[in-house]
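Before any comments, here is the structure.
Order of listing sets the numbers, starting from 1, for every ligand and every atom in it. Quick note: residue numbers are just sequence positions, from 1.
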Amino acid sequence: MRTPLAQAFDTWIRDDFRDMNTRLEELYFSGEHPERVTGVGDDIKQQLVDEGREYIVQLLQEGNTDEGFDHGFDLLGNVGFYMAACRRHGITDPAVEHRSPLTEASALAMQLGASLGAIPRFASAHLETHNRAINGVYKSFTSLPDERIFLDYNTRGVFAYIRAAEALLHILPLGISHPVSLDLLRVAKVALEDVFDSNRELFQALDTERFFYCIRPYYKPHRVGLHEYRGANAGDFAGINVIDLLLGLCRADDPYYSQLLVDKFLFMRPEDQLVLRDCMRRKSLLASFLEELQPHGQTPWFRRNVAAFLEVCEMHGQVAQQHHQQLVEKFIVAPARDAGLENQQDLSASGPPLPVLLKGLRTLCDLRSAADRTDIPSRFPDIQRLRNMLENGT
Ligand code: HEM
């Protein structure tokens with residue numbers, strides 16, 4: 001059971017906090033320079049800081065009530081929403097602080113994060129996969145329709161990726177030659193097509209300016225205690241990496257990719273961390289198909305299953321390209337360019353200037369697409385070997 005105090009804080013986050021953020025967004029957005037927040041709506045900001053702090057001070061006094069993991073994680077999300085909103089409204093700024101001025105919120109977030117085995121700030125699970133709706137409405141920073149659109153489609157995309165990952169995981173005990181592995185590869189492909197379709201709908205439905213000016217800023221990095229933590233992104237769940245690793249398109253021994261995994265672990269729920277850890281030890285499907293190429297490349301099972309495997313890889317690459325060339329381009333790169341903000345530090349969740357962020361995302365996208373690049377450990381030559389066997393029998 002959640003304590004009455006934690007319940008009251010949750011209600012505040014769902015109602016008054018969301019209304020104050022929405023009012024502030026409307027004020028910023030109606031200004032001549034919608035990126036400017038300083039000096040706008042100061043009375044609302046102060047009310048938001050004070051009311052949130054009051055709940056948090058009482059929650060700290062209440063101490064560890066051992067409410068169980070789910071309630072602890074939910075409370076961490078609520079403190080995290082408060083801290084992220086303070087960052088968004090310019091109440092805190094990691095560039096000019098050595099520690100977060102939100103002392104009590106930091107203390108509660110660190111106590112919860114450390115005891116749960118998660119990052120001491122809100123993670124994407126709080127907004128997506130573990131965001132309970134009450135009477136049809138789940139938690140969000142604002143009540144702007146575009147935030148709903150963004151979160152609805154992020155959640156759909158994440159669950160579709162998870163469906164693909166689960167299908168691939170089921171292949172491990174069966175092996176690549178099992179007839180039912182073919183069914184599972186087909187399930188994985190359909191799930192990735194679902195991500196593609198959902199992303200296409202998001203691309204059309206979301207308003208660029210509203211996203212860029214009123215939603216994205218809640219995902220900026222900020223300090224908790226002494227340290228600065230990057231913001232959450234839709235990729236903070238194990239499934240996407242399970243797909244990368246099991247297909248074999250990305251490898252856990254590639255320092256670029258493993259760095260990404262190391263940095264990401266605590267942004268996931270502990271049960272998700274376990275799935276990913278386990279996956280890092282497994283042999284990929286690509287490696288298994290390559291091993292079978294010589295002895296069994298001509299057999300009907302190999303040809304059938306490798307064809308389905310290559311289709312899954314193809315689809316995974318297409319979704320990665322779509323994310324990079326459509327979503328990132330339309331909703332971040334283009335508006336940043338139009339407003340002359342390309343070199344601003346905190347346009348994205350992780351914070352580096354746009355060119356640096358884009359280079360990293362491009363690498364990831366090219367690994368997932370098995371692109372013909374020799375400067376990264378792309379699996380292009382291995383995928384070609386499988387294709388040749390299928391097309392030419394060699
Ligand atoms: C990461 C943009 C929607 C999946 C990122 C990053 C950006 C971005 C800029 C890098 C974050 C950082 O390091 O700072 C966007 C935009 C979206 C969007 C503008 C829509 C408006 C989605 C959706 C999915 C998704 C719907 C599907 C579930 C991912 C993944 C990552 C990521 C998996 C982690 C990096 C990776 O493994 O590729 N996104 N994203 N994104 N996003 Fe999105």
request  = Number the atoms of ligand 1 from 1 as they appear, then name those within less than 4.0 Å of a heavy atom of Leu364, with their elements.
outcome  = 35 (C), 36 (C), 37 (O), 38 (O)

Arg368 contact mode with ligand 1 (heavy-atom cut-off under 4.0 Å) = side chain

ask   = Is there a nitrogen or oxygen of His323 sitting under 3.5 Å from a nitrogen or oxygen of ligand 1?
value = yes

request  = With heavy atoms of Tyr161 as the reference, note each atom of ligand 1 found under 4.0 Å away.
outcome  = 27 (C), 28 (C)

ask   = Atoms of ligand 1 less than 4.0 Å from Val158 heavy atoms?
value = 28 (C)

query = Of Arg387, Lys189, Arg368, which is the lone residue that meets salt bridge (charged side-chain N to carboxylate O under 4.0 Å, His left out) with Glu314?
reply = Arg387

Within 45° cone and under 6.0 Å: Arg216 NZ/CZ vs Tyr219 ring = no

ask   = Should the proximity of Asn199 to ligand 1, defined as any heavy atom under 4.0 Å, be assigned to the side chain, the backbone, both, or neither?
value = side chain

Ser369 versus Gln321, side-chain donor and acceptor atoms under 3.5 Å = yes

note = Any heavy atom of Leu260 under 4.0 Å from ligand 1? The part involved is neither

remark   = Per salt bridge (charged side-chain N to carboxylate O under 4.0 Å, His left out), Asp10 is matched among Arg18, Arg132, Arg2 by Arg2

inquiry  = Under a 4.0 angstrom heavy-atom cut-off, which atoms of ligand 1 come close to Phe150?
reply    = 20 (C), 21 (C)

query = What residue pairs, at least two apart or across chains, pass side-chain hydrogen bond (donor to acceptor under 3.5 Å, both in side chains) with a residue in residues 79-91?
reply = Asn21-His89, Glu25-Arg88, Tyr28-His89, Arg87-Asp346

message = I'd like to check whether Asn154 has a polar contact with ligand 1, where a contact means an N/O of the residue lying under 3.5 Å from an N/O of the ligand.
response = no

message = Taking 4.0 angstrom as the limit and counting only heavy atoms of Leu202, give me the atoms of ligand 1 inside it, by number and element.
response = 20 (C), 26 (C)

inquiry  = Does the structure place the NZ or CZ of Arg200 under 6.0 Å from the centre of the six-membered ring of Phe203, at an angle of no more than 45° from the ring's axis?
reply    = no

request  = Considering the heavy atoms of Ile332, write down every atom of ligand 1 situated less than 4.0 Å from one of them.
outcome  = 9 (C), 19 (C)

note = Residues passing the side-chain hydrogen bond (donor to acceptor under 3.5 Å, both in side chains) test with Asn392, sequence neighbours excluded, are none

query = Asp244 and Tyr257: side-chain donor and acceptor closer than 3.5 Å?
reply = yes

Distance filter under 4.0 Å to Phe331 heavy atoms, resulting ligand 1 atoms = 19 (C), 21 (C)

request  = Could you tell me whether Asn241 approaches ligand 1 through its side chain, its backbone, both or neither, with non-hydrogen atoms closer than 4.0 Å?
outcome  = neither

message = When you compare the side chains of Arg148 and Ser140, does any donor N or O come within less than 3.5 Å of an acceptor on the partner?
response = yes

request  = Go through ligand 1 atom by atom and flag the ones less than 4.0 Å from a non-hydrogen atom of Leu206.
outcome  = 21 (C)

